[in-house]
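Lettering follows sequence order; numbering is per chain, from 1.
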Number of protein chains: 2
Amino acid sequence: MKAIPLTAASIVEAAADLADATGFDSVTLSAVARRLGVRSPSLYSHVQDRDALLEGVTVLALTELASRVSVAVAGRAGRSALEALADAHRDYARESPGRWDALQRPVGEEAARSAGARDIVALTAAVLRGYPLPESEHVHAVRFIGSTVNGYLRIERNGGFAHSRPSAAVSWHRIIDALDAALRAWPAPSEGARP
Amino acid sequence: MKAIPLTAASIVEAAADLADATGFDSVTLSAVARRLGVRSPSLYSHVQDRDALLEGVTVLALTELASRVSVAVAGRAGRSALEALADAHRDYARESPGRWDALQRPVGEEAARSAGARDIVALTAAVLRGYPLPESEHVHAVRFIGSTVNGYLRIERNGGFAHSRPSAAVSWHRIIDALDAALRAWPAPSEGARP
DNA sequence: ATGATATGCCTAACACCATTAGGCTATGAC
DNA sequence: GTCATAGCCTAATGGTGTTAGGCATATCAT
């Protein structure tokens with residue numbers, strides 16, 4: 001049963017797999033220990049506490065997502081890059097629902113400083129090269145894209161679109177269209193904008 | 001201590017207050033019972049289980065949010081209405097963080113069918129009257145606005161913007177500007193769009 | 001090789017939580 | 001007055017996170 005040696009990384013991975021299989025909320029130290037063929041107190045040699053474990057899953061998910069986004073947007077520009085970025089998020093949310101849920105939690109220090117987080121921001125900013133935005137607007141546009149994509153996927157995942165027509169799949173393309181249009185028609189900053 | 005009679009509504013309200021005060025995750029049957037000066041098994045006469053209680057908080061939050069949005073957008077049109085709607089969401093998220101968190105959960109039957117949920121969708125659609133969108137695009141635009149506003153507030157709340165400059169407050173206005181621009185420049189549906 | 005040390009698992013224990021079963025009491029109907 | 005019911009209670013069960021301390025095995029100095 002203990003084919004895998006017990007390390008911080010292997011525990012986090014087991015937790016992530018468990019999250020994908022049975023839901024992020026069911027990631028409990030007991031369940032992870034069970035899955036590793038070990039008693040739960042044994043995990044404390046490698047992991048500070050439950051919160052640190054969940055934060056570890058968040059960091060892992062950020063890394064994986066950054067990698068997917070990176071591959072998706074490579075060699076693309078403009079609308080094509082935007083769509084690839086959005087679809088990479090959506091695919092990840094679909095294929096690894098538990099890991100993706102880990103992204104929807106208050107970010108701790110470790111996640112905030114992680115390479116994955118930085119990369120995702122940088123890659124989103126890179127997509128903006130295909131649009132006529134001044135450099136000073138990039139922060140806002142990155143946040144805009146992030147908010148919309150994340151918000152849509154989360155509402156879809158929570159079933160918010162399940163009770164109305166048409167299906168969420170149709171809206172997804174319209175929303176990428178709208179994002180694209182918004183970036184093309186990006187409004188000039190009004191006077192109140194100070195960094 | 002039992003100034004308030006124990007009913008389903010009073011229990012849900014106590015749970016919502018507790019969520020605002022100490023965080024949505026800390027809403028436990030024990031804690032709610034404690035707050036009501038009662039033992040936790042007593043709650044089961046009025047509430048099915050913990051999940052039903054949380055769903056009740058969600059419905060309450062939907063109702064309250066719908067009411068705020070309704071007041072905010074009344075007598076406004078176009079960008080002014082859009083901004084009022086977004087700010088109503090943001091104010092609610094700020095003032096009642098626990099209740100607002102209740103909105104970010106998988107929606108059950110009761111929440112999906114609630115008047116609050118229907119009203120919020122209808123009010124968002126009403127904002128679109130000030131923009132040149134064909135009726136058939138309203139669903140998508142409503143989902144677009146909902147995704148962006150929700151996504152932004154959630155990332156802000158999770159501290160996703162806390163580690164970068166400029167502050168989230170500045171971006172908020174830029175994002176409403178961008179939403180406004182997107183609705184004005186709403187792209188024509190491509191051929192693939194079938195309801 | 002041998003003994004010291006340290007690592008890393010274990011069991012035991014505690015407090016907290018959700019939930020069920022069943023008892024006691026006060027309130028209302030008749 | 002009696003009786004039934006509603007609504008609280010206590011008791012108990014099984015699951016959770018977490019800490020304390022035991023015990024074996026691997027690592028290393030000599």
Participant: If I take atom CG in residue A/Leu6 and atom P in nucleotide C/dC9, what distance separates them, rounded to the nearest angstrom?
Facilitator: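 These atoms are roughly 5 Å apart.
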Participant: Tell me, please, which residues at least two apart from B/Arg113 pass side chain to side chain donor-acceptor pair (under 3.5 Å).
Facilitator: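 Counting only residues at least two positions away or on another chain, B/Arg113 forms a side chain to side chain donor-acceptor pair (under 3.5 Å) with B/Glu109.
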Participant: Output every pair passing side-chain hydrogen bond (donor to acceptor under 3.5 Å, both in side chains) with a member in residues 63-80 of chain B, not counting sequence neighbours, ordered by first then second residue.
Facilitator: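 Only B/Glu64-B/Tyr92, B/Glu64-B/Arg99, B/Arg68-B/Glu95, B/Arg76-B/Ser80, B/Arg79-B/Glu83, B/Arg79-B/Asp177 qualify under side-chain hydrogen bond (donor to acceptor under 3.5 Å, both in side chains).
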Participant: I need the residues from residues 16-24 of chain B with at least one non-hydrogen atom less than 4.0 Å from DNA chain D; give them sorted by number, or say none.
Facilitator: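 Residues of residues 16-24 of chain B that come under 4.0 Å of DNA chain D do not exist, since none gets that close.
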Participant: Quickly work out the A/Arg50 CZ to D/dT18 P distance and round it to whole Å.
Facilitator: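 Whole-Å distance recorded here is 8 Å.
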Participant: Considering residues at least two apart in sequence or located in another chain, which fulfil the ring pair (Phe, Tyr, Trp, His ring centres under 6.0 Å) criterion with A/Trp100?
Facilitator: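 Ring pair (Phe, Tyr, Trp, His ring centres under 6.0 Å) list for A/Trp100, sorted by chain: empty.
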Participant: Which pairs with one or both residues in residues 149-179 of chain B pass ring pair (Phe, Tyr, Trp, His ring centres under 6.0 Å), sequence neighbours excluded?
Facilitator: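 Residue pairs passing ring pair (Phe, Tyr, Trp, His ring centres under 6.0 Å), neighbours aside: B/Tyr152-B/Phe161, B/Tyr152-B/Trp172.
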Participant: Decide whether A/Thr148 and B/Thr148 meet the rule of one side-chain donor and one side-chain acceptor closer than 3.5 Å.
Facilitator: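 Indeed, the side chains of A/Thr148 and B/Thr148 share at least one donor-acceptor pair under 3.5 Å.
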Participant: Strictly by side-chain hydrogen bond (donor to acceptor under 3.5 Å, both in side chains), give each pair with a member in residues 44-53 of chain B just once, sequence neighbours left out.
Facilitator: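 Output for this query is empty, none listed.
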Participant: Does B/Ser42 place a side-chain N or O at less than 4.0 Å from the phosphate oxygens OP1/OP2 of D/dG7?
Facilitator: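 For D/dG7, OP1/OP2 do not have a side-chain N/O of B/Ser42 under 4.0 Å.
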Participant: Under the salt bridge (charged side-chain N to carboxylate O under 4.0 Å, His left out) test, which residues partner B/Arg143, sequence neighbours left out?
Facilitator: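 Expected list: none.
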Participant: Who pairs with B/Arg94 by salt bridge (charged side-chain N to carboxylate O under 4.0 Å, His left out), at least two apart in sequence or on another chain?
Facilitator: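 With neighbours one apart ignored, the set is B/Glu156.
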Participant: Whole Å only: how far is the CD1 atom of B/Ile11 from the P atom of C/dA18?
Facilitator: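 In whole Å, C/dA18 P lies 13 Å from B/Ile11 CD1.
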Participant: Protein-nucleotides 20-22 of chain C N/O pairs closer than 3.5 Å?
Facilitator:
none

Participant: When you measure from the side-chain N and O atoms of A/Arg34 to the phosphate of D/dG15, is any distance below 4.0 Å, counting only OP1 and OP2?
Facilitator: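 For D/dG15, neither OP1 nor OP2 has a side-chain N or O of A/Arg34 closer than 4.0 Å.
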Participant: Residues in side chain to side chain donor-acceptor pair (under 3.5 Å) with A/Thr22, at least two apart?
Facilitator: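 By the side chain to side chain donor-acceptor pair (under 3.5 Å) rule, A/Thr22 matches A/Ser26.
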Participant: Using a cut-off of strictly less than 4.0 Å between a heavy atom of the residue and any atom of DNA chain D, enumerate the qualifying residues of residues 25-32 of chain A by number.
Facilitator: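 Heavy-atom cutoff 4.0 Å gives A/Thr28, A/Leu29, A/Ser30.
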Participant: Rounded to whole angstrom units, what separation is found between the CZ atom of A/Arg39 and the P atom of D/dG15?
Facilitator: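 Nearest whole value for this atom pair: 13 Å.
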Participant: Rounded to whole Å, please give me the gap between CG in B/Leu43 and C1' in D/dG7.
Facilitator: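 Value for this atom pair: 12 Å.
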Participant: Which pairs of donor and acceptor atoms, one on a side chain in residues 117-129 of chain B, lie under 3.5 Å apart (sequence neighbours left out)?
Facilitator:
from     : atom 1 : to       : atom 2 : distance (Å)
B/Thr124 : OG1    : B/Ile120 : O      : 2.7

Participant: Search all heavy atoms of B/Val139 against all heavy atoms of A/Pro166 and return the closest pair with its distance.
Facilitator: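 Between these two residues, the closest heavy atoms are CG1-CD, 3.8 Å.
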Participant: Is the shortest side-chain N/O distance from A/His46 to OP1 or OP2 of C/dC9 below 4.0 Å?
Facilitator: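 Checking A/His46 against C/dC9: at least one side-chain N or O falls below 4.0 Å of OP1 or OP2.
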Participant: Output the rounded distance in Å from CG (B/Asp49) to P (C/dT19).
Facilitator: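 So the two atoms are 5 Å apart, to the nearest Å.
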